[in-house]
**Student:** 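Take this structure, written in structure tokens, and hold onto it; I'll ask about it next.
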Amino acid sequence: LVLERIPELRAATASLDHADLRQASARLGVDLEADVLPLAEGAEVALRTARHPLLLLDGVEVVASDLELRAGEGLVISGPNAGGKTVALKLLGLAALMQRAGLPVPAAEGSRCGFFRPVLTDVGDEQSIQKNLSTFSAHVTNLAAILERSDQGAMVLLDELAGGTDPEEGAALAQALVDAFCRRGVALATTTHYEPLKAFAARDPRLRNASVGFDVEAMMPTFALHWDVPGASSALSVAGRFGIPQRILQTAREMLPEHTRTFDELVRGLEAQRQELALAQAGVESERAAAKAAREEIEERLEAMRERGRKAVDDEAKRLRDQLRDARNELRKLRKTLRKQADEEALAAAKQRIDAAAALAEKHAPALGPVVEAGESLASVAAGDRVFVPRLRTEAEVLEAPGRGQVRVAAGALKLWINREELRAVSERSLTPAEKAAMRAKRAPAAPTPTVKEAPRDRPQHPDNTLDVRGLRVDDALAMTETFLDRLFGASEGTGYIVHGMGSGALRQAIRAHLDADGRYVRGYRGGSSEEGGERLTVVTLR
């Protein structure tokens, strides 16, 4: 029975193996706090704050590094022994292999890695008594094999390239090998103590220097990787850390060639400057963060002030509407009184009360009564200009030029500060009523829409004889219409324009029904012509 099910059993086993591998990969990602990196298009790798996965699993405190490498270019890492050069080298190789296996890599967001085929390394001491190979011989043997296999898209990692032999010959061989690998389109990373190779990397645009940090005061490596700066080997300082007496180290320093001491001092000076720059940059970042926090706080305060300003405007508008409503109620009461009492004394008293209510209405009407059409945004604003204020649905006069982004305007009795960007131009605000009438007279008038009552054309439309009730409830619109007609009648205006909009037509019908019933003031009315706005308004002729 088992023999008959061999294919199924093998397929099930393979599926279980795959599921086990995926589960292990997911658990590794949790342990490393890592994600699978996005696949780069070419043979390149860019790691942000990457950490060595094996050191993380061992619980070691890891110093993160930024690493970049791409085909046809090389990275030359220098610095003291035990400073982390080989760890950086291995991190590049592990990231490339883990990416090929679909495993999560411990690197920050923004990292990516392409597909390297193959990943070739020469790391560690491969000397062998059985094979009669010295350290250098084993190293060269590996280099020859790597050269034979390397091609476009390969990653090559070399630790202490051409080490273990005469320094001058080894440095020359190292430079020649680096040049050969770059010509083949290989992504190369190597560690070195050779000063000529560091200088070669500084001159060749295909190469970049990098160094592991060294704390000059503490005489200890920092394990941090720094770009575009070669590192000093600091062999004597490292030897002192591991127990070599200072007397011997001092003798060794005296025996160093002049050019070696000069190069070492130069690199140490660069390292000290880099540390000072890092401290200064940290200070700048701290100040920038503080400035950002202060700016955000100021913006919050400004927004709170704007909100308080908007609330104040709303409260003032409500107060004015309440005053106008009281004035309208007073006028209704007076009309009732006039119908009942006809003696001279009552008429005089009523006239006095009407005049007082009309004065109040006239005082506040510009802020909440007739409105004009809004034009385009304003390029400039100066004191004395007439502008349209969308928040008040009317035009206003600029009292003060813009300051700190706000403009002080007056709309009737209402004076307030408005944000500069809220203001709009008043349509045809540069034309007087006579000029507007002349301009309209040149146009071919369209036949007006007939209504229940016809009214002859009279004075042209302007803000003083226009009432806008769009968006109001019917009761409020009718009350404002009645007050508007009273004001026009008292001012001996022959024509009024009531802007009610199109909508469903309910507001228009209610207003015209009210005009039908009001024979005291209204002689007739009609719909607007096409030049005037059509059925969106009603033109009223008063007695």
Side-chain angles (χ1 to χ4, degrees), residues 1-71 75 84 86-126 128 130-131 138 141-142 145-159 185-189:
L1 290 175
V2 172
L3 184 61
E4 292 176 358
R5 297 294 189 272
I6 285 294
E8 291 90 336
L9 291 172
R10 285 177 175 167
T13 303
S15 298
L16 290 173
D17 286 345
H18 182 74
D20 189 46
L21 174 63
R22 293 298 88 194
Q23 184 184 49
S25 174
R27 288 181 175 177
L28 178 65
V30 172
D31 293 340
L32 298 178
E33 298 180 358
D35 292 313
V36 176
L37 300 183
L39 184 65
E41 292 184 2
E44 64 171 312
V45 57
L47 304 178
R48 302 286 177 261
T49 60
R51 299 157 294 160
H52 196 292
L54 297 180
L55 295 179
L56 285 176
L57 294 177
D58 288 341
V60 177
E61 185 176 352
V62 181
V63 177
S65 299
D66 292 343
L67 291 166
E68 292 185 9
L69 196 60
R70 58 179 53 85
L75 173 63
T86 306
V87 171
L89 207 65
K90 292 181 176 180
L91 177 55
L92 279 169
L94 279 174
L97 294 174
M98 293 172 76
Q99 180 78 341
R100 281 176 34 159
L103 297 177
V105 179
E109 185 178 355
S111 302
R112 65 184 186 279
C113 184
F115 192 88
F116 292 92
R117 185 188 297 111
V119 177
L120 304 172
T121 67
D122 181 57
V123 180
D125 191 349
E126 297 293 335
S128 172
Q130 288 80 8
K131 296 181 180 180
T141 302
N142 287 342
I146 291 173
L147 275 170
E148 184 177 350
R149 295 183 57 192
S150 62
D151 202 350
Q152 178 77 29
M155 176 184 281
V156 175
L157 308 174
L158 305 174
D159 191 24
V186 169
L188 172 70

**Student:** Heavy atoms, side chains only, cut-off 4.5 Å: are V45 and F116 in contact?
**Tutor:**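 Yes, side chains in contact.
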**Student:** If you compare all heavy atoms of A88 against all heavy atoms of L67, which two are closest, and at what distance to 0.1 Å?
**Tutor:**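 Looking at all heavy atoms of both residues, the closest pair is O-CD1, 3.8 Å.
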**Student:** To the nearest 0.5 Å, tell me how far L103 CG sits from L21 CG.
**Tutor:**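 Rounded to the nearest 0.5 Å, the CG-CG separation comes to 7.0 Å.
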**Student:** Counting C-beta onward and ignoring hydrogens, is there a side-chain heavy-atom pair between V123 and K90 closer than 4.5 Å?
**Tutor:**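 Heavy-atom side-chain distance check passes, below 4.5 Å.
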**Student:** Using side-chain heavy atoms (C-beta onward) and a distance below 4.5 Å, is D17 in contact with T13?
**Tutor:**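 Yes; the side chains approach each other to less than 4.5 Å.
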**Student:** Over all heavy atoms of both residues, which pair between L89 and L157 is shortest? Give the atoms and the distance, please.
**Tutor:**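 Smallest interatomic distance, heavy atoms only, reads O-CD1, 3.4 Å.
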**Student:** Can you measure from CG (L69) to CD (E44) and round to the nearest 0.5 angstrom?
**Tutor:**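 Interatomic distance, L69 CG to E44 CD, rounded to 0.5 Å: 10.0 Å.
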**Student:** For the pair E68 and R112, find out whether any cationic side-chain nitrogen is under 4.0 Å from an anionic carboxylate oxygen.
**Tutor:**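 No, no charged N to carboxylate O under 4.0 Å.
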**Student:** Answer yes or no: is there a side-chain heavy-atom contact under 4.5 Å between I146 and L158?
**Tutor:**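 When only atoms from C-beta onward are counted, L158 and I146 do touch, with a gap below 4.5 Å.
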**Student:** Can you check whether D20 reaches Q23 side chain to side chain, under 4.5 Å on heavy atoms?
**Tutor:**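 D20 reaches Q23 side chain to side chain.
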**Student:** How close do G153 and A43 get, counting heavy atoms only, and between which atoms?
**Tutor:**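 For G153 versus A43, the nearest heavy atoms are CA-CB, 3.8 Å.
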**Student:** Which heavy atom of M98 sits nearest to which heavy atom of P53, and what is that distance?
**Tutor:**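 In this case the closest contact between M98 and P53 is SD-CG, 3.9 Å.
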**Student:** Taking N142 for its side chain and D122 for its backbone only, find out whether a donor-acceptor pair lies under 3.5 Å.
**Tutor:**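 Not a single qualifying donor-acceptor pair exists.
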**Student:** Could you check if a side-chain atom of D66 sits within less than 4.5 angstrom of a side-chain atom of T49, using non-hydrogen atoms only?
**Tutor:**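 In short, these two side chains touch, coming nearer than 4.5 Å.
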**Student:** Measuring from atom CG of L47 to atom OG of S65, what distance do you get when rounded to the nearest 0.5 angstrom?
**Tutor:**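 Those atoms lie 9.5 Å apart.
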**Student:** Which atom names give the shortest non-hydrogen contact between A71 and G185, and what distance separates them?
**Tutor:**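 That would be CB-O, 3.4 Å.
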**Student:** Under the side-chain contact (heavy atoms from CB on, under 4.5 Å) rule, what do I6 and R10 come out as? Steps first, then yes or no, please.
**Tutor:** CA-CA 6 Å; I6 285 294; R10 285 177 175 167; 3.5 Å; yes
**Student:** For S150 and L120, what are the C-alpha separation, side-chain angles and deciding distance, and is it a side-chain contact (heavy atoms from CB on, under 4.5 Å)?
**Tutor:** CA-CA 8 Å; S150 62; L120 304 172; 4.2 Å; yes
**Student:** Hey, what do you get for CD (E109) to CZ (R48), rounding to the nearest 0.5 Å?
**Tutor:**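 Output value for this atom pair is 12.0 Å.
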**Student:** Side-chain contact, heavy-atom cut-off 4.5 Å: Q99 with F115?
**Tutor:**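 No, their side chains stay 4.5 Å or more apart.
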**Student:** Near E8 CD, under 6.0 Å, is it more than 12 heavy atoms from other residues, nucleotides or ligands?
**Tutor:**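 Atom CD in E8 is crowded, with more than 12 foreign heavy atoms closer than 6.0 Å.
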**Student:** Taking A107's backbone N and O only, do any of them form a donor-acceptor pair with S111's side chain (distance below 3.5 Å, no angle check)?
**Tutor:**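 Not at all, since once roles are kept as given, no pair shorter than 3.5 Å links the two residues.
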**Student:** If you look at every heavy atom in G102 and R22, which pair is closest and at what distance?
**Tutor:**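 What the structure gives for the nearest pair is O-NH1, 3.7 Å.
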**Student:** side-chain contact (heavy atoms from CB on, under 4.5 Å), that's the test. Do V186 and M155 meet it? Break it down for me.
**Tutor:** CA-CA 6 Å; V186 169; M155 176 184 281; over 6 Å; no
**Student:** Roughly how far, to the nearest 0.5 Å, is CD of E4 from CG of L9?
**Tutor:**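 Going from CG on L9 over to CD on E4, the span is 11.5 Å.
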**Student:** Please report the interatomic distance CG(L57) to CZ(R51), rounded to the nearest 0.5 Å.
**Tutor:**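 One gets 10.5 Å once the value is rounded to the nearest 0.5 Å.
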**Student:** Are E33 and P106 side-chain neighbours, meaning at least one heavy-atom pair lies under 4.5 Å?
**Tutor:**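 No, every pair of side-chain atoms sits at 4.5 Å or beyond.
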